Engineer: 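One structure coming up, written as structure tokens, with questions to follow.
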Amino acid sequence: MTSSPRRDEIAANVRQVRERIAAAASGAGRSPEAITLVVVTKTFPADDIRLLHELGVRDIGENRHQEAAEKAAQLRDLKLTWHFVGQVQSNKAAAIAAYADVVHSVDSARVAKRLGAAARRHQRELAALVQVNLDSGGTAPGRGGVPPDAVAELARTVAGSPGLLLRGLMAVAPQDEPAADAFTRLADIWRTVRDEHPAADLLSAGMSGDFGDAIRAGATHVRVGSAVLGSRPPLR
Ligand SMILES: *Cc1c(COP(=O)(O)O)cnc(C)c1O
């Protein structure tokens, strides 16, 4: 483990984010161990993921299939849990099921069926989260997720899809409302889903700017990119 400026930078950021997670957790009367840090590595090189692995990070998030597949192939020698957090195009679902361990962004029955069928072909079982669209106006195009009133039905579809395990919900906070309010609504939806599906015990919420709010609302998985790796190029 040789020191390098990049390694030192990432190490300091990981330490700081972990401290902030622990502070938010204990402030909410929760155990920090109940929260998994998923570092979202999109646009950053595989070498950064090796550094993260050296620093004890095991959960890696990516949002684009092509990039995720390449990195997963390059890093096959590491024991990592791959989280797919981006919109799943249904023609990419089968390929995503080959390397992803957790898909956070299931937002249609069609995607669920394709992911499940492919997972079975690969003799794997894929953890699946239903993505909830929390935008107050309903569906904001391009951001993904199903509106709150469609969550129960999609959750049943996922739970009934062989090859998939319904493990919970995911959401991104909308921009036109305090994140804490949106995450409180999300937690309410999650509670009703868990009543029906006890295994749906994961709540993926919170990014660099709002993971404290998400933890206070009950998030079990926070997806943090720029606070660990630095800012990404604005247009990608
Ligand atoms: C990029 C991304 C993140 C991380 O965002 P940061 O603001 O860099 O922490 C989290 N979730 C999803 C779905 C993303 O696409």
Side-chain angles (χ1 to χ4, degrees), residues 6 9-10 12-21 24 35-46 48-49 51-52 55 57-69 71-72 80-89 92-93 96 100-108 111 115 127-135 139-146 167-180 182-183 186 190 202-236:
R6 182 59 171 157
E9 178 190 7
I10 293 178
N13 289 344
V14 166
R15 193 177 321 117
Q16 196 178 78
V17 166
R18 284 192 176 130
E19 281 167 11
R20 289 169 59 199
I21 289 171
I35 293 136
T36 299
L37 167 63
V38 178
V39 177
V40 180
T41 50
K42 64 191 184 201
T43 78
F44 292 99
D48 281 354
I49 303 178
L51 294 174
L52 287 165
L55 296 164
V57 173
R58 293 292 177 271
D59 291 272
I60 299 297
E62 286 283 338
N63 75 333
R64 282 181 168 188
H65 162 59
Q66 184 75 25
E67 185 181 344
K71 289 177 187 169
L80 294 169
T81 299
W82 290 93
H83 298 257
F84 193 85
V85 304
Q87 198 149 29
V88 181
Q89 292 171 268
K92 302 281 166 57
I96 291 168
D101 299 292
V102 188
V103 176
H104 290 229
S105 38
V106 177
D107 66 356
S108 74
V111 161
L115 284 172
L129 310 184
V130 169
Q131 185 178 349
V132 184
N133 185 331
L134 294 172
D135 291 295
T139 46
R143 298 201 53 195
V146 295
R167 287 305 310 274
L169 303 181
M170 180 274 238
V172 176
Q175 265 145 24
D176 59 354
E177 176 188 11
F183 290 147
L186 176 66
W190 182 42
L202 307 189
L203 185 62
S204 167
M207 314 190 350
S208 292
D210 55 21
F211 66 81
D213 290 320
I215 289 167
R216 284 183 283 278
T220 64
H221 286 59
V222 294
R223 309 177 310 270
V224 181
S226 49
V228 170
L229 294 166
S231 53
R232 293 178 292 273
L235 276 182
R236 356 184 338 265

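Every number for a ligand or one of its atoms is a count from 1 in the order of the listing. Nothing here was measured: the structure is a model prediction, and the numbers come from that model.
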Engineer: May I ask which of Arg232, Glu62, Met207 has a heavy atom nearer to atom 10 (C) of ligand 1 than the others do?
Structural biologist: Met207

Engineer: Which residue and non-hydrogen atom of the protein lie closest to atom 13 (C) of ligand 1, and at what distance in Å?
Structural biologist: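 Scanning the protein heavy atoms, the shortest distance from atom 13 (C) of ligand 1 goes to Val85 O, 3.5 Å.
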
Engineer: Which residue is it: Val14, Ile21, Leu37? I am looking for the one with a side-chain contact (heavy atoms from CB on, under 4.5 Å) to Val224.
Structural biologist: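 Single side-chain contact (heavy atoms from CB on, under 4.5 Å) partner of Val224 among Val14, Ile21, Leu37: Leu37.
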
Engineer: Considering both backbone and side-chain atoms of Ala227, is one of its nitrogen or oxygen atoms within less than 3.5 Å of a nitrogen or oxygen in ligand 1?
Structural biologist: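 No; the residue has no nitrogen or oxygen that sits under 3.5 Å from a nitrogen or oxygen of the ligand.
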
Engineer: Compare every heavy atom of Ile60 with every heavy atom of Val57, then report the nearest pair and how far apart it is.
Structural biologist: CG1-CD1, 4.1 Å

Engineer: Quick one: nearest non-hydrogen protein atom to atom 6 (P) of ligand 1, plus distance?
Structural biologist: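 The protein heavy atom lying closest is Ser208 OG, 3.5 Å.
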
Engineer: Considering the heavy atoms of Val224, write down every atom of ligand 1 situated less than 4.0 Å from one of them.
Structural biologist: 9 (O)

Engineer: Would you mind telling me if ligand 1 is within reach of the side chain of Lys42, the backbone, both or neither, using heavy atoms under 4.0 Å?
Structural biologist: side chain

Engineer: His221 vs His104 aromatic rings, parallel, tilted or perpendicular, using cut-offs 30° and 60°?
Structural biologist: perpendicular

Engineer: Does the distance from a Lys or Arg side-chain N to an Asp or Glu carboxylate O, for Lys71 and Glu62, drop under 4.0 Å?
Structural biologist: yes

Engineer: Consider side-chain hydrogen bond (donor to acceptor under 3.5 Å, both in side chains). Of Asp101, Asn63, Asp59, which one does His83 pass it with?
Structural biologist: Asp59

Engineer: For atom 11 (N) of ligand 1, what's the nearest protein heavy-atom neighbour? Residue, atom name and distance, please.
Structural biologist: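 The closest one turns out to be Arg223 NE, 2.9 Å.
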
Engineer: May I ask you to say whether Glu19 pairs ionically with Arg15, meaning some side-chain N is under 4.0 Å from a carboxylate O?
Structural biologist: no

